Amino acid sequence: MHHANHFYGHAHVLARYAGLAEVPRIWGYLQHGWNTHDGFAVGTQFAPGFPRFVWSHDVARRGWSLGLRRYVVVGSPWSYLLRLERDSAPTERTGTIVYPFHGWEQQLIVGSHDRYVRQLREVEGDVPITVCLYWNEFQDKAVRRIYERAGFRVISHGYRGHMWRGTDVHFLDKQLAELRRHRRVVSNRLGSALLYGASVGAQIGVYGDPMILENERAVLGGRAKQLRLFPELHQPFVPDDYARQLASEQLGEQELLSRYELREALGWRDADPATDAAAPVTDGTSMSESGEDDSEQLDRIPTDDEGPEQDSGAGEAGGQRSGQEQDRAGQTDRHAL
């Protein structure tokens with residue numbers, strides 16, 4: 001199925017939770033990031049009959065309002081990871097970790113990192129600050145240098161991957177470790193990382209140069225829609241109770257399936273179970289502190305909304321399906337809308 005199901009190692013986290021010895025394909029489309037739209041990248045080519053697995057009922061309701069169907073609310077991969085790691089010993093928290101609003105391989109950011117550095121120091125004060133950059137901005141020495149000159153620690157959690165290649169399958173594990181180390185998690189725009197931070201007890205805030213994407217998709221509503229839907233989040237110090245409750249709702253913490261329900265929902269009924277508690281064997285990739293890439297290089301970076309004739313994953317899903325595949329696509333679930 002669609003390669004975005006594996007972004008950030010999401011499919012790997014779900015396979016670990018389900019107790020599998022492998023990471024099978026997901027028979028449907030998995031939401032790979034928090035957004036205020038229908039849960040998926042603009043222009044995603046959906047094959048008829050396959051479910052859309054999303055994190056929360058809010059996303060499902062927005063999709064329905066757009067005429068989309070076959071939504072199944074299963075909760076976020078992050079919430080499943082927290083369930084797996086709930087017995088991990090808490091660490092002492094200090095300082096602030098910052099997630100600047102980032103571009104991606106096809107859209108760069110318009111804004112001032114220098115201005116954002118000044119704003120961060122004004123609000124956070126004289127505390128240790130870690131800045132986590134998206135991989136392509138982490139590799140941009142000019143961007144990294146702005147934050148390094150300010151005395152900030154600069155990191156990246158790794159590669160999200162594309163077309164089943166270059167994915168750092170331990171992305172979320174590394175992000176969880178970092179979030180648990182910091183007292184505050186802040187950004188200049190709403191995004192998944194803020195909700196993740198609130199979910200593990202960090203204080204969150206949203207302020208600073210908001211930055212925008214080049215040719216930002218109007219259908220997403222931009223920052224104006226975020227302000228309209230979540231005005232309370234747009235302040236340097238978001239009340240902890242509100243942030244925690246919102247994170248729980250948006251990440252679908254109350255919607256998580258059992259490992260057996262998850263296998264059934266994702267079409268993993270016949271997958272081989274793991275023989276012990278270890279995670280499925282994976283080929284992890286990494287990014288060095290210097291920004292050098294030691295993972296498999298992609299020949300090119302296609303856009304997420306290329307049609308099925310260009311995207312082998314979407315093309316496979318849109319082709320002729322076997323009877324078994326049709327049965328899986330037709331499965332229903334108590335969480336389906």
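Note that the coordinates shown come from a computational prediction; the quantities given were computed from them, not determined experimentally.
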Smallest heavy-atom separation, Val154 atom then Phe138 atom, equals O-CE1, 3.7 Å
Here the gap from Ile26 atom CD1 to Leu14 atom CG, rounded to the nearest 0.5 Å, amounts to 5.5 Å
So Leu257 and Tyr80, do their side chains get closer than 4.5 Å, heavy atoms only? yes
Checking His32, His6, His157 against Phe171 for ring pair (Phe, Tyr, Trp, His ring centres under 6.0 Å), the one that qualifies is His157
Can you find a heavy atom in the side chain of Arg25 that is under 4.5 Å from one in the side chain of Asn5? no
### Task
Kindly indicate, with the supporting measurements, whether the criterion side-chain contact (heavy atoms from CB on, under 4.5 Å) is fulfilled by Ser56 and Glu249.
CA-CA 7 Å; Ser56 71; Glu249 294 170 356; over 6 Å; no
Between the CG atom in Leu20 and the NE2 atom in His12, the distance rounded to the nearest 0.5 Å is 11.5 Å
In Tyr8, Tyr134, Trp135, the residue satisfying ring pair (Phe, Tyr, Trp, His ring centres under 6.0 Å) with Tyr159 is Trp135
When every non-hydrogen atom of Leu84 is compared with those of Arg16, the smallest separation belongs to CD1-CB, 4.0 Å
Salt bridge check, Arg244 against Glu253: does any charged N sit closer than 4.0 Å to a carboxylate O? yes
Rounded to the nearest 0.5 Å, the CG atom of Leu176 sits from the CZ atom of Arg180 at a distance of 4.0 Å
Note: Tyr116 and Asp209 closest approach over all heavy atoms is CD1-N, 4.2 Å
So Leu66 and His37, side-chain contact (heavy atoms from CB on, under 4.5 Å) or not? Walk me through it.
CA-CA 9 Å; Leu66 297 169; His37 190 47; 3.5 Å; yes
Exam field: side chain Tyr147 to backbone Cys132, donor-acceptor pair closer than 3.5 Å: no
Requested in this report: Indicate yes or no: at least one non-hydrogen side-chain atom of Glu261 is less than 4.5 angstrom from one of Leu256.
Outcome: no
When you group the ILVMFWY residues by side-chain heavy-atom contacts below 4.5 Å and let the links chain together, are Tyr260 and Val23 in the same group?
no
Less than 4.5 Å apart, side chain to side chain, heavy atoms only: is that true for Gln175 and Tyr99?
yes
Check the pair Leu172, Tyr196 against side-chain contact (heavy atoms from CB on, under 4.5 Å), reporting the backbone distance first and the verdict last. CA-CA 10 Å; Leu172 292 187; Tyr196 294 170; 4.2 Å; yes
*Would you check if the side chain of Arg69 reaches a backbone N or O of Trp64 as a donor-acceptor pair within less than 3.5 Å?*
yes
The reported gap from NZ in Lys225 to OG1 in Thr36 (rounded to nearest 0.5 angstrom) is 4.5 Å
- Does the side chain of Tyr207 come within less than 4.5 Å of Leu120's, by heavy atoms? yes
- prompt: Using the ring of each side chain (for Trp, its six-membered ring), is His3 parallel, tilted or perpendicular to Phe7, with breaks at 30° and 60°?
  reply: perpendicular
To the nearest 0.5 Å, atom OG of Ser112 lies from atom CZ of Arg118 at 6.0 Å
Q | Within-4.5 Å side-chain heavy-atom neighbours: Val200 and Trp78 | A | yes
### Message
Could you check whether Lys174 pairs with Asp168 (Lys NZ or Arg NE/NH1/NH2 to Asp/Glu carboxylate O, under 4.0 Å)?
### Response
yes
Q) Does the Asp272 side chain pair with the main chain of Ala21, one donor and one acceptor, at a distance under 3.5 Å? A) no
Checklist entry - Taking the side chain as C-beta and beyond, is there a heavy-atom pair between Val127 and Thr94 under 4.5 Å? => result no
Would the distance check show the side chain of Gln31 and the main-chain N or O of Gly39 forming a donor-acceptor pair, the cut-off being under 3.5 Å? no
Q: Indicate if Ile204 and Tyr242 have the same hydrophobic cluster label, given that clusters are the connected sets of ILVMFWY residues with side-chain heavy-atom separations under 4.5 angstrom.
A: yes
Considering only NZ, NE, NH1 and NH2 on the basic side and carboxylate oxygens on the acidic side, decide whether Glu178 and Arg181 come within less than 4.0 Å. yes
Between Asp114 and Ile146 (side chain of the first, backbone of the second, donor and acceptor by atom type, cut-off under 3.5 Å), is there such a pair?
no
When you measure from the side chain of Ser79 to the backbone N and O of Gly252, does any donor-acceptor pair fall under 3.5 Å?
no
Check: Would a distance-only check, ignoring hydrogens and angles, find a side-chain to backbone donor-acceptor pair under 3.5 Å from Arg189 to Met211?
Finding: yes
(message) So does Ala18 get a backbone contact from the side chain of Arg263, meaning a donor-acceptor N/O pair under 3.5 Å?
(response) yes
Test your reading of the model: is there a side-chain donor-acceptor pair from Ser76 to the backbone of Leu251, 3.5 Å cut-off? yes
Correct closest heavy-atom pair for Val238 and Leu233 would be CG2-O, 3.4 Å
message = Using 30° and 60° as the class boundaries, would you call the ring planes of Phe50 and Trp27 parallel, tilted or perpendicular?
response = parallel
Value for NZ (Lys141) from CD (Glu148), rounded to nearest 0.5 Å, stands at 10.5 Å
For the backbone of Arg62 and the side chain of Tyr71, can you confirm whether one donor and one acceptor N or O come within less than 3.5 Å of each other?
no
* side-chain contact (heavy atoms from CB on, under 4.5 Å) between Val117 and Phe152, worked out -> CA-CA 9 Å; Val117 164; Phe152 299 166; 4.2 Å; yes
Nearest heavy-atom contact between Gln203 and Asp240 is CG-OD1, 3.5 Å
For this session: Kindly assign one of parallel, tilted or perpendicular to the pair Phe46 and Phe40, based on the angle between their ring planes and the thresholds 30° and 60°.
Result: perpendicular
Looking only at heavy atoms, the pair that brings Val186 and Glu124 closest together is CG1-OE2, 3.8 Å
